[in-house]
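Notes follow the structure.
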2 protein chains.
Amino acid sequence: MDATKEPAAHAAGCGCVLPAAAQGGPVSHALSRVARLHRTAAAGLLRGLGLYPGQELVMMHLWESGPARQADLIKMLGLDPSTVTKMLQRLEQAGQVRRLPDPADRRAVLVEATESGARLLTEVERVWTALEEESLAGLDPAEREQLLTLLGRVEANLWTRNAART
Amino acid sequence: MDATKEPAAHAAGCGCVLPAAAQGGPVSHALSRVARLHRTAAAGLLRGLGLYPGQELVMMHLWESGPARQADLIKMLGLDPSTVTKMLQRLEQAGQVRRLPDPADRRAVLVEATESGARLLTEVERVWTALEEESLAGLDPAEREQLLTLLGRVEANLWTRNAART
DNA sequence: ATACTTTTATTGGTCGGCCACGTAAAACGG
DNA sequence: CCGTTTTACGTGGCCGACCAATAAAAGTAT
């Protein structure tokens with residue numbers, strides 16, 4: 001299993017083949033595959049904590065800012081309002097989150113982590129760093145920084161694109 | 001540029017903030033966000049073709065190999081069998097795919113694109129190259145190759161990891 | 001031929017995520 | 001003060017994706 005230098009090195013280590021019709025978007029193809037593998041790995045690690053992938057991001061923001069309005073969470077997560085509503089309903093059902101009416105705005109809802117939810121912080125951090133390390137194994141710090149920077153630029157591109165579609 | 005005081009460089013262009021609890025996995029965080037934006041963008045482009053994101057990958061493999069067994073699709077896509085079953089049911093309902101019993105194996109199913117499905121090929125290619133270009137705007141060829149290579153290494157890491165979990 | 005194991009596909013359930021639509025409250029404008 | 005947006009959430013529906021459990025056929029012994 002030597003790490004040879006081939007142009008299609010991205011297909012190394014997996015049985016996948018890049019379909020001809022996808023050759024116009026090789027990075028898109030790789031991104032889709034990596035993201036799904038990454039999410040599946042996260043799911044496996046989070047299952048032990050009773051969380052589903054995506055929920056940990058909500059909890060992170062709640063730990064960060066304390067009680068927050070749902071609208072703020074939506075803005076920070078960049079998700080659809082209905083998605084956040086349902087995730088919070090399930091997190092509340094699971095006892096990780098509490099929802100209170102906002103005294104200053106009768107249509108808003110304040111969300112905060114329960115004690116049970118707060119106890120997940122260190123575990124989630126551990127899982128998150130473990131996943132990062134498994135994902136980036138074999139990449140030196142400079143390469144990790146490069147990847148982060150490149151992903152950031154792609155994110156900016158897609159962000160402005162989606163914003164423009166409004 | 002290493003260890004500079006620009007920790008949130010990836011957040012440029014979007015209103016997001018990296019939560020403190022996610023600092024152990026900055027690349028994971030960026031990857032999640034980019035992947036979701038990318039998928040949403042793909043959904044918007046594919047909607048005009050009557051496809052949902054993910055379905056175009058199935059079609060690509062069918063265009064590539066002609067009639068294929070479901071098990072082969074599963075292997076090439078790296079998806080769960082039940083996922084492929086349901087996707088094919090919907091693609092069949094939409095008239096893009098036809099399913100025939102395999103004469104050589106009575107439990108297998110042969111899947112092939114219909115004429116309607118075959119007509120989507122050029123459109124899907126156009127959409128994919130457009131999405132690729134919008135995602136990678138501002139990145140020169142060397143940077144795109146770097147990104148592809150780095151994603152490939154991450155994919156290999158996660159692939160072997162998931163395989164090991166069996 | 002019989003019994004055991006592997007492969008292939010399906011069903012049912014759950015969750016994240018989106019869209020389209022609806023409702024109630026706040027903010028704005030005349 | 002009142003009508004009109006705008007904002008904040010919720011519902012229902014749909015799809016991709018996973019897991020768990022099943023059934024049926026094929027393969028492999030014994």
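Protein chains get the first letters and strands the later ones, always in sequence-line order, with residue 1 at the start of each. Only this structure's heavy atoms are used, side chains among them; waters, hydrogens and symmetry mates stay out. Because the structure is predicted, anything quoted here is derived from the model rather than measured.
For dG10(D), one of the phosphate oxygens OP1 or OP2 lies less than 4.0 angstrom from a side-chain nitrogen or oxygen of Gln70(A). Between Arg99(B) and dA9(C) there is no side-chain N or O to OP1 or OP2 distance below 4.0 Å. Remark: Thr83(B) is not in phosphate contact with dG16(D), judged by side-chain N or O atoms under 4.0 Å from OP1 or OP2. Residue Arg106(A) places no side-chain N or O under 4.0 Å from the OP1 or OP2 atom of dT7(D). For the pair Gln89(A) and dC9(D), the criterion of a side-chain N or O lying under 4.0 Å from OP1 or OP2 is not met. For Arg90(B), a side-chain nitrogen or oxygen approaches OP1 or OP2 of dG16(D) to under 4.0 Å. Residue Gln55(B) places no side-chain N or O under 4.0 Å from the OP1 or OP2 atom of dC15(D).
Between the side chains of Gln96(A) and Thr114(A), no donor-acceptor pair is found at a separation under 3.5 Å.
At whole-Å resolution of the value, CG in Asp80(A) and P in dG10(D) are 13 Å apart. In this entry the distance linking CE of Met87(A) with C1' of dG10(D) reads 16 Å, nearest Å. In this structure, the NZ atom of Lys86(A) is 9 Å from the P atom of dG12(D), given to the nearest Å. Atom CG of Asn162(A) is separated from atom C1' of dC19(C) by 14 Å (rounded to the nearest Å). To the nearest angstrom, P of dG10(D) lies 12 Å from CG of Leu73(A). Atom-to-atom, CG of Asp72(A) to C1' of dT7(D) comes out at 12 Å; the value is rounded to the nearest Å.
Relative orientation of the Trp128(A) and His38(A) rings is perpendicular, given thresholds of 30° and 60° on the angle between their planes.
Among the heavy atoms of the strands lying under 4.0 Å from Asp105(A) are primed sugar atoms or P, OP1, OP2 only; no base atom is included. Within the nucleic acid shown, Leu79(B) comes within 4.0 Å of sugar-phosphate atoms alone, with no base atom in reach, counting heavy atoms only.
In the interface, the side chain of Ser82(A) is not paired with the base of dC9(D) through any donor and acceptor atom under 3.5 Å apart. Side-chain N/O atoms of Arg107(A) and base N/O atoms of dA8(D) include no donor-acceptor pair closer than 3.5 Å.
Residue Thr85(B) places its side chain closer to dA9(C) than to any other of dG16(C), dA9(C), dC9(D). Listed nucleotides dG16(C), dT10(C), dA8(D) differ in distance to Ala108(A); the shortest reach to its side chain belongs to dA8(D).
To the nearest 0.5 angstrom, Glu56(B) atom CD is 12.0 Å from Leu121(B) atom CG.
Between Arg36(A) and Val84(A), the residue anchored nearer the 5' end of DNA chain D, judged by the nucleotide with its closest heavy atom, is Val84(A).
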Please assess Arg98(B) against Glu115(B) for the test salt bridge (Lys or Arg N to Asp or Glu O under 4.0 Å), listing each intermediate value before the final yes or no. CA-CA 10 Å; Arg98(B) 195 176 4 245; Glu115(B) 302 71 29; 3.3 Å; yes
